[in-house]
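The residues of the chain are indexed from 1 along the displayed sequence.
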Amino acid sequence: MEMLTLFTYVAEADLDLTGLPGELAPVVRKCLALRPGDRPTAEELQDSLTTELAEMPTLASPEGWLPRPWTVIIEAYVRQGRELAADPRAAATGPDRPATPQRDAPPPGRPAARPAETAVERTARLPVSPEDDTPQHGDRPTASRSRRERVFVRSVQGLMASALLLLGGGLAYGYYQNRQAEQPGPVDRAFADIRTGDCVRTGLDPDGRWLAPSPETTHCAAPGAHWRVVASTGKGVPDRCGAPYAAVTWTRSSHAATVGLCLERLFHPGECVIGAQPDPSTLTEVTPLRDGTVFATTVQCSDTAPETLAVLRVVKYGLSDMTCPPRTQVRYTFPELGRILCLTTT
C-alpha cells in the first residue's frame with residue numbers, strides 16, 4: 001500500500017514538504033514541478049535564492065529556524081573547526097606530519113592509559129545528515145530496519161509457501177479427477193451389464209439417435225422390447241454390425257471403458273414404422289440398410305411420413321421361410337438375420 005501511495009503522489013505531483021522551513025518550501029516545490037518546463041533553471045534558482053537571502057535577517061546561531069537535528073550537526077562542525085584551529089597538529093597530514101611522541105611505559109601492574117582522541121578522529125565520526133542511515137562499519141542495525149527485513153523475509157516465505165500449496169493442490173486435484181474419470185459410472189456399468197441375447201426397450205428416433213443415455217433391459221416378449229442384443233464387445237464396434245443388412249450399433253466410450261453393442265430390431269404386429277412407399281399394383285420388396293428409418297421405434301400410426309416414405313403397420317415378423325398375409329403391401333427382407341417383415345398401409 002505504501003508503494004501504491006507513493007506512485008500516486010508522483011503521478012499527481014502531490015508533495016509532502018513537512019519539516020522544511022517556510023522559506024525553502026516554495027523554492028523546493030518549484031524544483032519538483034511535474035512538468036520539466038515549469039521547473040526553474042540553475043540561473044533562475046540562484047537569482048531567487050540570492051534575492052531572498054539578501055532580504056532575510058542574519059542570525060548568530062541556526063537555532064530556531066532550522067530543524068533540531070540540522071542545528072546539532074552544524075554546531076558539532078563549528079566546535080570541531082575551532083578545535084582544529086586551536087590545535088594545528090591535528091590538521092597536519094601527509095609525509096611532513098610530525099611523529100607522535102612516545103609515551104612513557106606505565107609502571108608494572110598498571111594498565112596503559114588510553115591516548116586522547118584527536119579532533120580529526122572525532123571529525124571522522126561526525127554525522128553527515130539527519131537522514132543518513134547508511135550502515136557504517138561496526139554499526140548495529142536499528143530495530144526498525146531489522147523489523148522491516150524480517151517482515152520482508154516472512155512475506156517472501158509466505159508467498160513461496162502459498163505458491164507451493166497452490167501447485168500441490170492443483171496437481172492433487174488433477175490426479176483425483178483423473179482417478180475419478182477412470183472409475184466406471186452408472187452409464188458405464190449399464191453398458192457393461194448387457195449380455196448377448198438380452199432385450200432392451202430404449203427408443204430410436206428416425207434420425208438414428210438413441211433417446212436414453214444407456215440401454216434398459218426388459219423381457220423379450222414384452223410389448224416395448226424393440227431390440228435384441230446379438231453381439232457386444234469392449235473394443236468398439238462389434239464385427240456383426242459391420243456386415244451389410246445387419247443390425248444397429250450403439251457404442252459407449254469413456255475414460256473407464258469402451259463398450260459396443262450390436263442390436264437386432266424386433267417388430268411386433270400392430271405397431272407402425274416408417275417404410276418405403278408401396279406400389280398399389282404389386283408387392284414392394286425392400287432390403288433395408290442398417291441406418292434405415294424402418295428401425296425407428298418412436299413412430300405413431302397417426303404420424304405423417306417424410307416425402308417418398310409412408311407410415312406402415314406391421315402385419316407379421318418372422319423367419320424368412322414364412323409367407324406374408326395377402327394384405328401385405330411391403331415386404332422387408334433381412335438376409336443376415338434370416339427374417340422377413342410384412343407391412344401394409346395404415
Side-chain angles (χ1 to χ4, degrees), residues 184-254 256-276 285-301 303 305-306 309 311-322 324 330-343:
V187 176
D188 297 313
R189 288 192 290 269
F191 273 88
D193 292 341
I194 297 296
R195 299 291 181 266
T196 300
D198 288 348
C199 291
V200 298
R201 57 182 179 183
T202 308
L204 182 74
D205 66 14
D207 295 327
R209 294 175 298 195
W210 296 101
L211 303 182
S214 59
E216 182 182 356
T217 58
T218 186
H219 193 275
C220 291
H226 295 298
W227 306 96
R228 178 189 291 116
V229 180
V230 295
S232 64
T233 180
K235 299 180 180 179
V237 180
D239 294 337
R240 176 78 178 271
C241 288
Y245 321 128
V248 178
T249 303
W250 194 358
T251 303
R252 162 70 178 178
S253 181
S254 68
T258 298
V259 178
L261 302 178
C262 188
L263 301 109
E264 171 193 358
R265 175 71 159 88
L266 301 180
F267 299 93
H268 302 278
E271 71 173 325
C272 292
V273 298
I274 296 179
E285 297 276 357
V286 180
T287 302
L289 298 177
R290 59 181 177 178
D291 58 350
T293 55
V294 71
F295 295 122
T297 62
T298 59
V299 180
Q300 302 296 323
C301 295
D303 290 346
L309 297 176
V311 176
L312 305 174
R313 189 186 304 274
V314 177
V315 178
K316 193 173 183 180
Y317 177 67
L319 298 177
S320 57
D321 57 354
M322 75 172 191
C324 286
V330 179
R331 182 170 65 184
Y332 277 76
T333 303
F334 303 93
E336 284 285 330
L337 303 177
R339 294 179 177 274
I340 61 174
L341 174 64
C342 306
L343 303 167

Take Ile194 and Val259 through the side-chain contact (heavy atoms from CB on, under 4.5 Å) test and state the conclusion after the steps.
CA-CA 10 Å; Ile194 297 296; Val259 178; over 6 Å; no

Separation of Tyr332 OH from Phe295 CZ (nearest 0.5 Å):
9.0 Å

Could you walk me through whether Arg339 and Leu319 pass the side-chain contact (heavy atoms from CB on, under 4.5 Å) check?
CA-CA 4 Å; Arg339 294 179 177 274; Leu319 298 177; 4.2 Å; yes

Does the plane of the ring in His268 sit parallel, tilted or perpendicular to the ring in His226? Use 30° and 60° as the thresholds.
perpendicular

Of all heavy-atom pairs linking Pro206 and Thr298, the shortest is CD-OG1, 3.6 Å

Once rounded to the nearest 0.5 Å, what's the spacing between atom OG1 of Thr258 and atom CZ of Arg252?
9.0 Å

How far does CG of Leu266 sit from SG of Cys199, to the nearest 0.5 angstrom?
5.5 Å

Val294 side chain near Leu341 side chain, heavy-atom distance below 4.5 Å
yes

What closest approach, in Å, do Leu312 and Ala276 show between heavy atoms, and which atom pair accounts for it?
CD1-O, 3.6 Å

Does Glu285 form a side-chain contact (heavy atoms from CB on, under 4.5 Å) with Thr333? I'd like the steps, not just the answer.
CA-CA 8 Å; Glu285 297 276 357; Thr333 303; 4.0 Å; yes

OG1/Thr249 to CH2/Trp210 distance, rounded to the nearest 0.5 angstrom?
9.0 Å

Minimum-distance pair of heavy atoms, taken over all atoms of Pro213 and Val187:
O-CG1, 3.6 Å

Reference residue Thr293; test side-chain contact (heavy atoms from CB on, under 4.5 Å); the match among Ile274, Val299, Asp207, Val273
Ile274

Might you point out which heavy atoms bring Val311 and Cys301 nearest each other, and give the distance in Å?
CG1-O, 3.9 Å

According to salt bridge (charged side-chain N to carboxylate O under 4.0 Å, His left out), does anything in residues 189-201 pair up with another residue at least two apart or in another chain? List the pairs.
Arg201-Glu216

Of the non-hydrogen atoms in Thr287 and Pro335, which two are nearest, and what is the gap between them?
CG2-CD, 4.0 Å

Evaluate side-chain contact (heavy atoms from CB on, under 4.5 Å) for Cys324 paired with Ile340, printing each intermediate quantity in order.
CA-CA 9 Å; Cys324 286; Ile340 61 174; 4.0 Å; yes

Distance, nearest 0.5 Å, that separates CH2 of Trp227 from CG of Leu261
12.0 Å

Name all residues meeting the ring-ring contact (aromatic ring centres under 6.0 Å, His included) criterion together with Phe191; count only those two or more places apart in sequence or in a different chain, and write none if there are none.
Trp250

Taking all non-hydrogen atoms of both residues into account, name the closest pair between Gly203 and Thr297 and its distance.
CA-OG1, 3.1 Å

Supply the atom-to-atom distance Ser254 OG to Asp188 CG, rounded to the nearest 0.5 angstrom.
3.5 Å

